[in-house]
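What follows is a short report on a single structure.
Here is the naming used below: chain letters follow the sequence lines, and residue numbers restart at 1 for every chain.
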Amino acid sequence: MESESYESYTDKTRVYDLKPLRTLKPVFPSGNHQAPPPFVCSPPFGPFPPGFSPFYPFTSSQPHTHQNTSSQPSLVTPLRSFRSPNNNNDDADPEEGCSTPKKRKIPKKRTPEKKNVNFESGITAAERENGNRKLVKSVLTRYEALRRRFSQLEDAREAVSGINKRADLKAGSTCMSRGVRTNAKKRPGVVPGVEIGDVFFFRFEMCLVGLHSPSMAGIDYLAVDEETTIATSVVSSGYYDNEEGDPDVLVYTGQGGGGNADKEKQTSDQKMERGNLALEKSLVRNSPVRVIRGLKEASQGGNKIYVYDGLYEVKESWMEKGKSGHNTFKYKLVRAPGQPPAFATWVAIQKWKAGLREGLILADLTSGVESIGVSLVNEVDEENGPGYFTYSTKVTYSESFNLTQPSLGCDCLSSSCRPGNLNCHCIRRNGGDYPYCGNGVLVSRKGMVYECSPSCPCSSCKNKVTQMGIKLKLEVFKTGNRGWGLRSWDPIRAGSFICIYAGEAKEKDQTIESDDYAFDTTRVYTSFRWNYEHGLADEVDSEEVSEEPEMPLPLVISAKNVGNVGRFMNHSCSPNVFWQPVSYESNGQLCLHVAFFAVSHIPPMTELTYDYGVTQPSEAQNGNALHGMRKCFCGSEYCRGSFG
DNA sequence: GCCCAGTCACGAGT
DNA sequence: CACTCGTGACTGGG
């Protein structure tokens with residue numbers, strides 16, 4: 001019996017015609033465009049250039065990698081021997097007050113940059129030209145890791161305010177110069193490895209994966225012959241005037257004329273040149289144009305995010321007087337049929353948020369325990385909900401549980417608990433780094449994250465991300481073949497906190513047999529690299545450290561009778577969520593829990609999954625396995641077949 | 001506390 | 001080369 005994919009649960013009783021934005025098996029339009037084939041066939045596991053250890057997705061247990069299975073960093077040679085060209089003059093770096101001489105590195109061996117791009121990025125020249133899913137994911141993961149680290153360093157440097165707060169640009173240009181990019185060859189139509197529904201949080205991300213090259217401009221174009229340029233992609237600004245319009249239509253404003261995106265401040269007529277001319281040619285030639293919708297997302301604090309909405313065709317163009325009275329070009333783009341929904345899902349979710357979600361079994365299965373309701377939906381069959389359990393956001397420890405390690409919080413006075421303040425005990429426990437970016441995004445995966453606690457005097461301190469409950473609009477839904485699952489209405493940014501695993505913490509040997517809702521930290525988890533990548537450690541002024549969780553003692557959390565939404569998250573061999581031990585102090589004692597964070601950006605309505613791990617072989621022999629091996633339905637290319 | 005307008009400095013591609 | 005493009009983080013007022 002083969003596992004069902006998402007596409008196959010088309011039940012007549014279903015109420016919605018909505019699929020997750022990213023279907024497990026990508027669907028591409030089979031339209032009449034002369035688009036390149038959706039994927040470039042390349043061996044899934046290498047060969048990789050010497051020194052490159054593939055780190056995503058989770059390849060360390062794969063037979064073909066030549067990486068040693070131990071968690072030792074692989075043989076990437078002189079980690080700290082490369083400097084980016086723009087850091088050359090940093091000998092003048094004023095490191096005021098800090099007299100540690102460790103930073104003064106010995107002669108910076110810099111081999112000519114061009115020659116070493118391959119070596120440093122692990123991406124070959126061919127792969128930089130044409131990508132695939134794995135490369136796209138890898139580039140985005142590395143960009144994000146670098147950006148988070150730059151952001152963390154910037155936050156800590158509070159002294160000189162106002163200058164260079166753009167970690168996105170810094171990470172972007174670093175990736176560019178190090179060759180951490182793919183699909184650099186411009187093309188119209190499908191970009192290999194980028195899927196409809198993919199979400200982006202920065203312009204540079206789209207630049208690095210070849211979806212849209214200009215770091216700022218809204219129209220990308222390509223010379224097809226000596227005198228013709230055609231448009232390849234447009235990014236809509238997010239101030240769409242046709243709010244209630246057809247989601248398959250985009251009226252796009254041409255570029256130029258000064259002013260900002262909505263052209264209210266336009267200072268001159270637009271000219272038929274560059275992007276405008278290219279769109280005109282695309283209209284004449286019926287060539288496909290990729291559309292990226294810029295959206296103002298309330299769930300992201302009103303920040304703009306970008307959704308790749310697939311291929312469109314330019315159907316009409318005209319000129320009109322803009323709000324400022326100057327000539328403005330307009331282009332009507334219409335979406336090619338047969339593509340999976342992306343922007344349309346956003347539009348639907350806006351209606352749901354206004355209270356129009358149909359087919360709800362429950363609007364809030366937490367009965368108000370969480371500050372944001374968790375909806376319960378079944379679009380698959382008649383089952384009207386999961387078995388009874390008590391909803392709780394906490395981990396409770398049984399009396400016999402021996403977790404009486406004394407622990408200290410910080411003594412920062414109210415809100416002085418700031419990044420870069422090494423007097424803060426909590427920050428010191430994190431190795432001197434504040435573990436989160438300003439918006440609550442986790443910077444690095446590590447053995448243990450230390451948060452401030454309710455009893456720290458720093459009342460408004462933000463270092464309590466995993467203690468504040470869920471912030472996303474989540475939904476428990478019936479899957480086709482894996483029971484109930486969890487997904488989000490909101491797009492989720494890589495490193496965002498999702499929820500903890502609540503339940504009853506037990507010592508390992510107390511656990512009842514056949515508990516399908518147990519989280520067991522003693523299992524074997526596939527290792528993977530999420531932090532800034534090999535070869536870039538010098539860029540972020542940091543040593544490479546282990547990312548693997550380090551628990552002070554074995555812990556099993558049972559959510560069979562008491563738990564939170566964490567108990568509904570299913571297993572996947574290519575998960576989009578990882579777990580991270582977090583501890584904090586409470587009344588002089590250590591509190592420990594397991595928190596879930598997003599691996600990558602996750603589009604709305606995509607099932608959230610993590611790696612359940614494998615029972616240690618020695619225990620399986622002793623019959624201590626909590627439950628037997630279960631068949632895996634994750635459908636991933638890297639599926640191990642079973643788990644448990 | 002939230003929304004909005006205004007300010008500022010920035011990089012890739014042509 | 002000099003220029004074009006518009007962003008993203010922040011700030012202050014309503």
Which nucleotide in [options] has an atom nearest any side-chain atom of [X]:
X      : options               : value
A/R181 : B/dG11, B/dG13, C/dC5 : B/dG13
A/A217 : B/dA12, C/dA9, C/dC5  : C/dC5
A/E273 : C/dC5, C/dA9, B/dA12  : C/dC5
A/N303 : C/dA9, B/dA12, C/dT7  : C/dA9
A/Q255 : C/dA9, C/dC5, B/dA12  : C/dC5
A/K186 : B/dT14, C/dA9, B/dA12 : B/dT14

Return the value, rounded to whole Å, for the distance between atom [atom1] of [X] and atom [atom2] of [N].
X      : N      : atom1 : atom2 : answer
A/M176 : B/dA12 : CE    : P     : 6 Å
A/F204 : C/dA9  : CZ    : P     : 14 Å
A/L169 : C/dA9  : CG    : P     : 9 Å
A/E154 : C/dC10 : CD    : C1'   : 13 Å
A/L277 : C/dT4  : CG    : P     : 17 Å

* Excluding sequence neighbours, so at least two apart, what forms salt bridge (charged side-chain N to carboxylate O under 4.0 Å, His left out) with A/E129? ->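 Result, salt bridge (charged side-chain N to carboxylate O under 4.0 Å, His left out) vs A/E129: none returned.
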* Asked: If an axis is fit to five pairs at each end of the helix from B/dC2-C/dG14 to B/dT14-C/dA2, what is the angle between the two, to the nearest 10°?
  -> 10°
* Give a yes or no on whether a donor-acceptor pair under 3.5 Å exists between the nucleobase atoms of B/dT14, that is its base, and the side chain of A/R274. =>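 Between B/dT14 and A/R274, which were checked side chain against base, a qualifying N/O pair under 3.5 Å is absent.
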* Asked: Regarding A/K330 and the six-membered ring of A/W318, is the cationic atom NZ or CZ under 6.0 Å from the ring centre and inside 45° of its axis?
  -> no
* Asked: Going by distance alone, is a donor N or O of one side chain under 3.5 Å from an acceptor N or O of the other, for A/Y436 and A/N439?
  ->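 Side chains of A/Y436 and A/N439: no pair found under 3.5 Å.
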